[in-house]
*Asks:* 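Dumping the structure here so I can ask a few things about it.
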Amino acid sequence: MSRLINILTYVLALLWALPLFGIIYMAFKDTNTQGFSFTLSNFAVAWKTAPFAQYYLNTMIIVIVILAVQLVTMTLAAYAFARMNFIGQGIMFLLYLVQIMIPIELLIFPNSNTIAQLGIYDTKLAIMMPYFISAFGIFLLRQTFKGIPYELEEAAKMEGCNRLQIIWHVYVPLAKPTYIAFGLISVCHQWSNFLWPLIITDSDENRPLTVGLSMFAKASDSGAQWGVVGAATLFVALPLLMAFFIFQKQFISSFMHSGIK
């Protein structure tokens, strides 16, 4: 039975990886020759045809800023829900949990109306704003904070620490695995986010990699060149794949310590 499970696991892993192998094959294949002929020209053509450098810069800015703001907002909110008592705490936390169950697609129309009223359409800020607060991150970190002994906070108070110092010196260091786990989730999600940036941007100056790739693939001069499209696809996927292989142990360990199954 154990051997059968192992074989089934490898088969499923191979099926999952087949599309990736297909993209790699197309990206490095010379489409002008019969059979397989290794070439790097597809990458050069793709890089020159579309402003992928700008797309990379936009994506990096969006991912980093969103994660930085999320870490601040989720830390303060998680501490409030875990250690502070205030009127309506239970109802407010319940509303946060409801947000986790609402598909993000349902919020696109009201969010886009809000962005238009604020006058920030087709900006990086418009892409980032809906993600500055993560209900999932707040819930995850709250559970971690509740597991930290309250005696540590009392000891910090006796040392003269204020509330922010307590959060920074007591709770944040002990919740490091949770922060790493959430950071990985946030970066992966924002790097591959497509629908919201597609709706809210019109210019290459603000489009991330996913939207830029879509525009590139639909272009009349590249749509039939599957090798070039495959190379462009690797531009988007390769950074995440490399990060996963480099930090694979930390990736798995952080999820195990944070309690994510």
*Asks:* What about the rings of Phe216 and Phe52, do their centers lie closer together than 6.0 Å?
*Replies:*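 Yes, the ring centres sit under 6.0 Å apart.
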*Asks:* Distance-only, no hydrogens or angles: does the Gln143 side chain make a donor-acceptor pair with backbone N or O of Leu140 under 3.5 Å?
*Replies:*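 The answer is no, because no donor-acceptor pair under 3.5 Å joins these two groups.
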*Asks:* Which pair of heavy atoms, one from Leu15 and one from Pro19, lies closest together, and at what distance?
*Replies:*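 Residues Leu15 and Pro19, closest heavy atoms: O-CD, 3.6 Å.
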*Asks:* Determine the minimum heavy-atom distance between Ile167 and Pro173, stating which atoms define it.
*Replies:*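 Taking Ile167 first and Pro173 second, the nearest heavy atoms are O-CD, 4.5 Å.
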*Asks:* In sequence, state the C-alpha distance, the side-chain angles, and the governing distance for Met74 and Phe136, and then conclude on side-chain contact (heavy atoms from CB on, under 4.5 Å).
*Replies:* CA-CA 9 Å; Met74 65 185 275; Phe136 172 74; over 6 Å; no
*Asks:* Check whether any side-chain heavy atom of Phe139 lies under 4.5 Å from a side-chain heavy atom of Leu97, and answer yes or no.
*Replies:*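 Yes, at least one pair of side-chain atoms sits under 4.5 Å.
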*Asks:* Going through the distances and angles, do Asp202 and Tyr121 end up as a side-chain contact (heavy atoms from CB on, under 4.5 Å)?
*Replies:* CA-CA 9 Å; Asp202 285 332; Tyr121 181 82; 3.1 Å; yes
*Asks:* What distance do Tyr79 atom OH and Phe145 atom CZ have between them, rounded to the nearest 0.5 Å?
*Replies:*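 The OH atom of Tyr79 sits 9.5 Å away from the CZ atom of Phe145.
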*Asks:* With no hydrogens and no angle check, is any side-chain donor or acceptor of Asn42 less than 3.5 Å from a backbone partner on Ala27?
*Replies:*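 Indeed, once roles are kept as given, a pair shorter than 3.5 Å links the two residues.
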*Asks:* With heavy-atom distances below 4.5 Å as the criterion, would you say the side chains of Leu152 and Pro149 are in contact?
*Replies:*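 In short, these two side chains touch, coming nearer than 4.5 Å.
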*Asks:* Do Ile64 and Leu57 sit in the same hydrophobic cluster, where Ile, Leu, Val, Met, Phe, Trp and Tyr count as joined when their side-chain heavy atoms come under 4.5 Å apart?
*Replies:*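 They do not share one cluster, since no chain of ILVMFWY contacts under 4.5 Å joins Ile64 to Leu57.
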*Asks:* Is it the case that Arg83 and Tyr150 place a side-chain donor and acceptor less than 3.5 Å from each other?
*Replies:*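 Result is no, nothing qualifies.
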*Asks:* Is it the case that the side chains of Ser186 and Tyr131 hold a donor-acceptor pair, with the cut-off being a distance below 3.5 Å and no angle test?
*Replies:*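 On atom types as modelled, these side chains do not qualify, holding no pair under 3.5 Å.
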*Asks:* Quick one: are Asn162 and Gln165 in side-chain contact, heavy atoms under 4.5 Å?
*Replies:*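 Yes, side chains in contact.
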*Asks:* If you round to the nearest 0.5 Å, how far is CZ of Phe182 from CG of Leu141?
*Replies:*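 Rounded to the nearest 0.5 Å, the CG-CZ separation comes to 9.0 Å.
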*Asks:* Are there over 12 heavy-atom neighbours, none belonging to Phe21, within less than 6.0 Å of that residue's CZ?
*Replies:*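 Check fails, neighbour count at 12 or below.
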*Asks:* The criterion is ring-ring contact (aromatic ring centres under 6.0 Å, His included); which residues satisfy it with Phe38, sequence neighbours excluded?
*Replies:*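 Expected list: Phe28.
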*Asks:* Can you tell me how far CD of Gln99 sits from CD1 of Ile133, rounded to the nearest 0.5 angstrom?
*Replies:*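 Spacing of CD1 (Ile133) from CD (Gln99) equals 8.0 Å.
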*Asks:* Begin with the C-alpha distance, continue with both residues' side-chain angles, and end with the deciding distance and a verdict on side-chain contact (heavy atoms from CB on, under 4.5 Å) for Phe132 and Thr73.
*Replies:* CA-CA 8 Å; Phe132 280 163; Thr73 56; 5.5 Å; no
*Asks:* Going by the side chain to side chain donor-acceptor pair (under 3.5 Å) test, which pairs reach into residues 8-28, not counting sequence neighbours?
*Replies:*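 For residues 8-28, and leaving out neighbouring residues, there are no side chain to side chain donor-acceptor pair (under 3.5 Å) pairs at all.
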*Asks:* Answer yes or no: does atom CD1 of Ile87 have more than 12 heavy-atom neighbours from other residues, nucleotides or ligands under 6.0 Å?
*Replies:*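 For Ile87, atom CD1 is not crowded (no more than 12 foreign heavy atoms under 6.0 Å).
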*Asks:* Report the distance from atom OG1 of Thr75 to atom CD of Gln70, rounding to the nearest 0.5 Å.
*Replies:*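 Answer rounded to 0.5 Å: 11.0 Å.
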*Asks:* State, yes or no, whether a side-chain contact exists between Leu164 and Leu76 at a heavy-atom distance under 4.5 Å.
*Replies:*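 A side-chain contact under 4.5 Å exists here.
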*Asks:* Grab the two heavy atoms, one from Ala82 and one from Arg142, that are nearest each other, plus how far apart they are.
*Replies:*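 Heavy atoms only, the tightest pair is CB-O, 4.0 Å.
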*Asks:* Is it true that Ile61 and Leu71 fall in one hydrophobic cluster, defined by side-chain heavy atoms closer than 4.5 Å?
*Replies:*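 The answer is no; the residues belong to distinct hydrophobic clusters.
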*Asks:* Flag the pair Trp226 / Lys29 as yes when at least one side-chain heavy-atom distance between them is below 4.5 Å, and no otherwise.
*Replies:*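 No; the side chains remain at least 4.5 Å from each other.
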*Asks:* Thr201 and Asn206: which non-hydrogen atoms are nearest, and at how many Å?
*Replies:*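 So the minimum-distance heavy-atom pair works out to CG2-O, 4.0 Å.
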*Asks:* Under a 4.5 Å cut-off applied to non-hydrogen side-chain atoms, are Met84 and Arg163 in contact?
*Replies:*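 Met84 reaches Arg163 side chain to side chain.
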*Asks:* Any side-chain to backbone donor/acceptor pair from Trp191 onto Val236? Under 3.5 Å, distance only.
*Replies:*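 Yes, the answer is positive, given that a donor and an acceptor are paired below the 3.5 Å cut-off.
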*Asks:* Linking I/L/V/M/F/W/Y whenever their side-chain heavy atoms sit closer than 4.5 Å, directly or via other members, would Leu125 and Leu67 fall into one cluster?
*Replies:*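 In one cluster: no.
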*Asks:* Count the heavy atoms belonging to other residues, nucleotides or ligands that lie under 6.0 Å from CD1 of Ile91, then report whether that count exceeds 12.
*Replies:*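 Result for CD1/Ile91: open.
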*Asks:* Hey, could you give me the CG/OG1 distance between Leu209 and Thr233, rounded to the nearest 0.5 Å?
*Replies:*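 So the gap between those two atoms works out to 11.0 Å.
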*Asks:* Mind checking whether Ile66 and Val69 sit in one hydrophobic cluster, side chains of I, L, V, M, F, W, Y counted as touching below 4.5 Å?
*Replies:*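 Linked, Ile66 and Val69 end up in one cluster.
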*Asks:* Between Lys48 and Phe43 (side chain of the first, backbone of the second, donor and acceptor by atom type, cut-off under 3.5 Å), is there such a pair?
*Replies:*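 No, because the side chain of Lys48 does not come within donor-acceptor range (under 3.5 Å) of the backbone of Phe43.
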*Asks:* Please report the closest heavy-atom contact between Ser41 and Thr39, naming both atoms and the distance.
*Replies:*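 Closest approach of Ser41 to Thr39: OG-OG1, 2.9 Å.
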*Asks:* Verify the cluster assignment for Met215 and Trp196: are they in a single hydrophobic cluster under the rule of side-chain heavy atoms below 4.5 Å apart?
*Replies:*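 No, Met215 and Trp196 fall in different hydrophobic clusters.
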*Asks:* Could you give me the CA-CA distance, side-chain angles and deciding distance for Ile166 and Lys157, then say whether side-chain contact (heavy atoms from CB on, under 4.5 Å) is met?
*Replies:* CA-CA 8 Å; Ile166 292 173; Lys157 290 180 179 178; 3.5 Å; yes
*Asks:* Distance only, no hydrogens: is a donor on one side chain within 3.5 Å (strictly under) of an acceptor on the other, for Ser203 and Asp122?
*Replies:*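 Yes.
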*Asks:* Hey, is the main chain of Asn193 close enough, under 3.5 Å, to the side chain of Thr210 for a donor-acceptor pair?
*Replies:*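 Present.
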*Asks:* Answer yes or no: are there more than 12 heavy-atom neighbours, outside Lys176 itself, under 6.0 Å from its atom NZ?
*Replies:*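 Atom NZ in Lys176 is not packed in, count stays at 12 or less.
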*Asks:* Tell me if the aromatic rings of Phe81 and Tyr96 count as close, with their centers under 6.0 Å from one another.
*Replies:*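 So the answer is yes for these two rings.
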*Asks:* Just how far is it from atom CG of Asn111 to atom CE of Met129, taken to the nearest 0.5 Å?
*Replies:*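 Asn111 CG to Met129 CE: 9.0 Å, rounded to 0.5 Å.
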*Asks:* What heavy-atom pair brings Ile100 and Ala135 nearest, and what distance separates the two atoms?
*Replies:*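 Distance-wise, the nearest heavy atoms are CG1-CB, 3.7 Å.
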*Asks:* With no hydrogens and no angle check, do the side chains of Asn58 and Gln54 hold a donor and an acceptor under 3.5 Å apart?
*Replies:*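 There is such a pair between these side chains.
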